Every structure is written in C-alpha cells, then in structure tokens.
**Student:** 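Take this structure first; my questions come after.
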Amino acid sequence: MATKSSPPSVSLLSSLFLMLLALSSSSSSGSMTISSHGFSIREATVAELQLAFKQNKLTSRQLVEFYLGEIHRLNTVLRGVIEVNPDALHLADKADQERKAKAPRSLLGLHGIPILVKDNIATKDKMNTTAGSFALLGSIVPRNAFVVTKLIEAGAIILGKASLSEWANARIIPNGWCARSGHGRNPYVLSADPCGSSSGSAISVAANMAAVSLGTETDGSILCPSSYNSVVGIKPTVGLTSRDGVVPITHRQDTIGPICRTVADAVYVLDAIVGVDHNDKATREASKYIPVGGYIQFLKPSGLKGKRLGIVRDPFFTVIKESGIIRAFEHHFHTLRQQGAVLVDNLKIVSIDAILNPLVSGEGKAMDTDLKLDLNKYLEGLVVSPVRSLADVIEFNNKFAKLEMTKEYGQQGLLDAQKTDGINAEVKKALLNLVKLSRDGLEKLMKEQKLDAVVTPGADFATVLAIGGYPGINVPAGYDSNGVPFGICFGGLKGTEPKLIEIAYGFEQATKIRKPPPPIKH
Ligand SMILES: *[C@@H]1O[C@H](CO)[C@@H](O)[C@H](O)[C@H]1NC(C)=O
C-alpha cells in the first residue's frame, strides 16, 4: 500500500456488535466439509495435503474442485478472487497423473497445490493481469512473472487471481476496493476493514478459498491484510523475490511474499519463489541471504530459545486503546519469555515520528516519483495494452469514470505521481534522508542492543521496514472485542528471514491462535 494513509492501527474499529451477534447466532450450516477417505480439506496445511496425496486419500482434482466450489459459494460476499484459471482442473489432472506415474516432479514441495496470486502479478495464461483495474483488461503480458515461473516449476497450480486495493493502493482508495471485484470483505466481521493492498490474498486463504497465496508489499500490503484476516504473511527482504512481471510502485520497496494460514505453509511458498533473476538486478545482491537447504530447516519448535527481541512501546503499543488487546500482548510477552526469548523492553527508534510520516521522511515524494518511472516502464513492456503510461491510466479513469470511479473514490495517488519530474535534487535529498533514517533508526538500535527482531502489534511497523527494505512476518495474535483479528509482527534487518521464521514459528506453535472465520451468511 502507498504510505500516504498510514496503516490503520489494530484499535481503529467501529462498533460492530450487531454484525457479530448475527454471525455468532447463526448455526454452522452452509459450510460443507468436503472430505474423501475421511480427509478434511478445510484448514489443511501443505504438509497435510501432501501426505493425503501420498496416502491416496486426496487428488489434486478433488482439491481444486473443493476450492472452486468454495469460491463459487463465498466469493459473491467476500470478493477475494477476481478470476479463476479456466485451466485449473486440467492442471490438477496433470499433477495427479504425474503423481501416479511417480514422476520426480511430483516430489516437489508445492506439487499439485493450488495457489492464488494477487492480480498485479503477471500470469501468461488465459487469465488477465490488471492490478484490479479495467484499464489493463485485455492487456497481454510478455511472460509469467518470475515468481509465477518459480511456483510452476515447484509444481503449484495457479488457481486464480486475488483481488486487491486497486493498483496496490498506488491510487489511494479504501482498503480492498478495486473496480473489477468491488469491495473485498473481512471474513471474520464482514463490515470490518480487510486492510490492503493484498486484501484478496489474505481474505481468500483465511476463508479456505485457496490452499496458499501470494501478495506484494510496498509499505504494509502483506503485513496489514494478514493481521486483519488472521493469517501469516511474510514480507521478504527487498530483492529476495524478483519483481519482474509485477505491476510496480517502487523498485526500492516492492517485494513479493506468501500469505498463508500457517508459518510452515508460508515458508514452503517462500522457498519456492526466492532466487536470482537476470530481469531484476536486486535479486543478485539479495541472493547471498538465501540459506543453503532453504528455509524449511528454520521451522523449529524451539525457535524462540535465546532470541533477543526488542519492544518499542512508544508509539507502537502506546496507541492501542482496547484494554483486551493490551492484555493480549502482555500475555504474548510472557509466552515469548517462557519459550526462552530475552525481551529487551522500552526501546526507542531514533526519529521514529519522522520515519512514520511519509511527508517528513521523504518516502511519499520518492514513491510518487518512482511510481511514474517504474509503472511507465512496466506498461511500455506489455505486448498489447489499452494503456501505455500513467497518463493513459489517469485518462482512462476519467473517461470511464462510471466503471472505474465512484463519487468517493478518486485517483489522487496517481495524479500526485504524474506531477513528479524524475529524480531531481529534491528527490535525491529525500532518498538520502530515507537511508539515513534507517541507518540511525532500526539499524543502529538492532546492532547496539544485539537484537534478533523487533516485536510490534498489527502492521504498524510496516513503514519502518518499508523504507529500509527490511523483512517482517505477521502471525495471528488475537481477536478484538468485535471479533476482528489482529496480528503480531516480527521485523528485522535485511536477510534475517531464518531468524524471523524461527521466532514466528516458535510463537505460532506456542500460541496456536488462528481459528477459521465464522460461517459466511449470504
Ligand atoms: C480476461 O478478460 C477478458 C476480457 O478482456 C474476458 O473475456 C476473460 O474472460 C478474462 N479471463 C478470465 C479467465 O476471466
């Protein structure tokens, strides 16, 4: 998500009591649990699905049929999916044949597993890649995004395209809204914010409309919807995952990562998508961070032992209003200690107010400038497209206002970007300032205190991570008094995914907070 509206805090929620009462009084009808040979697909992890394949209790066709059925049943309400892949069942049959024939490919981690990818990630198949906008409908991409190629190589079935805040919120619109799908909804409390911009990815895995999903983040777009939809999101170090074929906001901050129901599932997906891509030079530099043997080895139940975790209370915990949420985090600190972590409390990040204000830090100006340059380059590179530049997109939105806009939803983010004038002196100054804020801020704190991670609530830490290209992981941490989920975020320095995974997995295994959403009423 673009940063002009800072990520909403976990306490920023209107009263939804009536909604909740309606939901909780409904019986559990309407949620069919498809199982074959007694195997229940709903809430199954990738490892459980793989075991069921192996034991002949499940086929990829049954799995895809289940998810297509759930999308059919739920998506008119939740709007997490924009398109399904017309070839999904065919691909499932192919996976089943490969498994039957004991093809070496069928042993790969994601073989036969259906994945939903955010609609700003290019797929060269029968589906459209539009970032949620009609302006890109009918465009033809030159090739699969690198991460999609990697998923297919790992055996995954591209099930469909997830909805998003249009243009990954570069447009600046309400969270979860795009013209092509309408407003994505939070499956826990339908009238609550689903956050964004990877709203559809988070909504869909939360509601079991897909096994796993991919999102993208520029500033909060994986961490925030993961927090609000009670799922796990990994925002990788910038460059760890290639941005080739992904509708961009800024190459300095954009990153592609998994959104899944468990840390382990997210790690399986992360393992599949990292790697060097000659079309994204940041991947060369970041490839030094990829551990030999991949990330699965860091799924250790004792992962919290000896980890030094920093707590920056001001402003991240001091802004929380709801006493229940405050108590939940105090309880989590206790659990982290019990699991062997050392908590270093009451820390401060230098210039945190400036870091969190994009107008002061320069993040806003730099992002607007990059958006125009990077998006123009992406649009020029399409084989066929109704729009070839940011200016064309703005014109399209004006011309087809009935389709693309409502009275409330303008395109201020795009207009601001169009007004920029390349990397001029002012932008250079902003870029230098962002580097300095990270160096004197998170970088210095982590080194001085010898921290492995900083712990914060929800996605409020996203901007600190965004401007430095740092990684973070969200894990479900509770539900507020209205039933709206909130997460806990573990953030660290570049390339520290192994430690963050150990910490996130240790926390998840010690708490097991995620529960599936209540039955959806139509
Ligand atoms: C892609 O968009 C075209 C319209 O340009 C539409 O006819 C087609 O059904 C879309 N593809 C899918 C898989 O929905």
Side-chain angles (χ1 to χ4, degrees), residues 60-61 63-95 113-145 147-149 151-152 156-168 171 176-184 198-201 203-205 207 209-216 245-247 375 378-389 392-393 395-397 399-405:
S60 289
R61 171 170 269 271
L63 194 55
V64 167
E65 278 175 348
F66 172 82
Y67 291 130
L68 292 178
E70 289 301 88
I71 291 169
H72 183 73
R73 194 171 71 81
L74 300 174
N75 200 51
T76 50
V77 176
L78 298 179
R79 300 193 197 108
V81 181
I82 298 184
E83 290 186 7
V84 294
N85 188 351
D87 288 330
L89 283 170
H90 167 73
L91 294 169
D93 288 341
K94 205 171 136 241
I113 302 290
I115 183 167
L116 211 55
V117 304
K118 189 176 177 181
D119 190 47
N120 60 348
I121 301 173
T123 57
K124 188 139 179 93
D125 50 19
K126 291 183 183 146
M127 292 189 286
N128 299 286
T129 302
T130 69
S133 167
F134 285 108
L136 279 177
L137 194 58
S139 65
I140 298 177
V141 298
R143 55 184 174 269
N144 279 328
V147 290
V148 169
T149 300
L151 285 171
I152 293 170
I157 297 168
I158 312 297
L159 179 70
K161 290 297 187 61
S163 64
L164 67 164
S165 313
E166 199 177 290
W167 296 102
R171 190 176 153 172
W177 184 86
C178 67
R180 288 196 62 214
S181 71
H183 222 132
S198 306
S199 41
S201 308
I203 291 166
S204 300
V205 290
M209 296 197 286
V212 289
S213 78
L214 271 196
T216 69
V246 178
V247 183
L375 185 60
Y378 174 89
L379 295 173
E380 281 159 21
L382 293 170
V383 178
V384 171
S385 179
V387 288
R388 286 295 183 182
S389 64
D392 287 353
V393 175
E395 201 188 307
F396 181 96
N397 288 345
K399 196 166 161 194
F400 298 102
K402 277 211 182 94
L403 209 60
E404 270 292 334
M405 294 208 263

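Since this is a predicted model, take the numbers as computed values, not measurements. When a ligand or atom number is given, it counts from 1 through the structure's own listing order.
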**Student:** Is a side-chain donor or acceptor of R79 paired with a backbone partner of H183 at a separation under 3.5 angstrom?
**Tutor:** yes
**Student:** Give the numbers and elements of all ligand 1 atoms closer than 4.0 Å to a heavy atom of P86.
**Tutor:** 13 (C)
**Student:** When you compare the side chains of S201 and K118, does any donor N or O come within less than 3.5 Å of an acceptor on the partner?
**Tutor:** no
**Student:** Would you compute the distance between atom CG of L136 and atom CG of L382 and round it to the nearest 0.5 angstrom?
**Tutor:** 6.5 Å
**Student:** Starting at OG1 of T130, measure out to CG of L164 and round the result to the nearest 0.5 Å.
**Tutor:** 7.5 Å
**Student:** Among protein heavy atoms, which lies nearest atom 4 (C) of ligand 1, and at what distance?
**Tutor:** L137 CG, 4.0 Å
**Student:** Does the N or O separation between R180 and ligand 1 drop below 3.5 Å for any pair?
**Tutor:** no
**Student:** Which heavy atom of the protein is the closest neighbour of atom 12 (C) of ligand 1, given with residue, atom name and distance?
**Tutor:** E83 OE1, 3.1 Å
**Student:** Can you report which non-hydrogen protein atom sits closest to atom 11 (N) of ligand 1, along with the distance?
**Tutor:** N128 ND2, 3.1 Å
**Student:** Return a yes/no value: protein heavy atom under 4.0 Å from atom 9 (O) of ligand 1?
**Tutor:** no
**Student:** Would you say atom 2 (O) of ligand 1 has a protein heavy atom nearer than 4.0 Å?
**Tutor:** yes
**Student:** Can a donor-acceptor pair be found, under 3.5 Å and without considering hydrogens, that links the side chain of S199 to the backbone of G184?
**Tutor:** no
